[in-house]
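Computed over heavy atoms, backbone and side chain alike; hydrogens, waters and symmetry mates excluded. Remember, it's 1-based here, ligands and their atoms both numbered in the order they're listed.
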Amino acid sequence: MDDTLEELFAVIEDRKETLPEDSYTASLFTHEKGENAVLEKLGEESTELVLAAKDDDREEIAYEAADIVYHLLVLLSMKEMSLEDLEAELEARR
Ligand SMILES: N=c1c2ncn([C@@H]3O[C@H](COP(=O)(O)OP(=O)(O)OP(=O)(O)O)[C@@H](O)[C@H]3O)c2ncn1[C@@H]1O[C@H](COP(=O)(O)O)[C@@H](O)[C@H]1O
């Protein structure tokens with residue numbers, strides 16, 4: 001799981017750097033309202049996750065959770081933060 005998150009974060013950082021035209025991630029960094037779009041997605045997907053959990057729909061829970069994790073990592077990158085910031089906070093709570 002750690003590797004998957006690290007690899008995904010590395011791809012997000014690469015898209016931010018190289019801004020390929022066909023990249024959804026890059027579009028979030030270049031669009032004027034990209035940050036708003038990320039925040040809206042996090043809100044929408046959180047609601048969808050709650051509904052999936054209420055329905056005990058494990059497949060949908062995993063799908064929405066993955067959407068949330070992806071957009072959360074994009075948000076961290078937008079704020080010039082990294083997985084280490086998240087890990088440090090989690091470690092501090094142990
Ligand atoms: N993990 C993701 C990922 N999760 C979601 N999305 C995109 O986020 C957008 C919104 O997601 P939604 O599920 O909300 O999309 P939707 O189909 O509108 O669904 P609903 O709103 O109706 O629920 C869609 O365009 C998805 O493709 C993602 N886009 C990219 N990634 C990862 O980022 C990598 C780089 O992608 P690109 O930047 O596109 O090259 C990919 O290889 C993936 O690993």
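Formation of a donor-acceptor pair under 3.5 Å by the S77 side chain with backbone atoms of L73 is not found in this model. No donor-acceptor pair closer than 3.5 Å links the side chain of S23 to the backbone N or O of L19.
Summarising the contacts of atom 13 (O) of ligand 1 with D67, I68, V38, the nearest heavy atom is found in D67. Remark: among candidates Y24, Y63, Y70, the nearest residue to atom 31 (N) of ligand 1 is Y70, based on non-hydrogen atoms. Which of K41, E45, E64 comes nearest to atom 18 (O) of ligand 1 through a heavy atom is settled by distance: it is K41.
Using a cutoff of 4.0 Å between basic side-chain nitrogens and carboxylate oxygens, E48 and K41 are not scored as salt-bridged. Here K16 pairs with E80 in a salt bridge; the nearest charged N to carboxylate O distance falls below 4.0 Å.
When each atom of ligand 1 is checked for a heavy atom of V11 under 4.0 Å away, the hits are 34 (C), 35 (C). Against a heavy-atom cut-off of under 4.0 Å, E48 is close to the following atoms of ligand 1: 23 (O). Here is the list of ligand 1 atoms found below 4.0 Å of a heavy atom in H71: 8 (O).
Put simply, atom 7 (C) of ligand 1 has protein non-hydrogen atoms near it, under 4.0 Å away. There is a protein heavy atom closer than 4.0 angstrom to atom 40 (O) of ligand 1. Protein non-hydrogen atoms do reach within 4.0 Å of atom 4 (N) of ligand 1. For atom 23 (O) of ligand 1, the nearest protein heavy atom is under 4.0 Å away. Distance check for atom 20 (P) of ligand 1: every protein heavy atom is found at 4.0 Å or beyond.
Summarising the geometry of A26 relative to P20, their closest heavy-atom pair is CB-O, 3.5 Å, with the distance given to 0.1 Å.
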Step by step, work out the side-chain contact (heavy atoms from CB on, under 4.5 Å) result for H71 and E40.
CA-CA 10 Å; H71 284 97; E40 281 167 18; over 6 Å; no

Give the intermediate values and the outcome of side-chain contact (heavy atoms from CB on, under 4.5 Å) for residues T25 and V11.
CA-CA 9 Å; T25 314; V11 171; 5.8 Å; no

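At a 4.0 Å heavy-atom cut-off, ligand 1 touches L8 through the side chain alone. Both the backbone and the side chain of T25 come within 4.0 Å of ligand 1, judged by heavy-atom distances.
Taken together through direct or relayed side-chain contacts under 4.5 Å among Ile, Leu, Val, Met, Phe, Trp and Tyr, Y63 and L49 form parts of separate hydrophobic clusters. Cluster annotation: V38 is connected to V69 through the hydrophobic network of ILVMFWY side chains, with a link wherever side-chain heavy atoms come within less than 4.5 Å.
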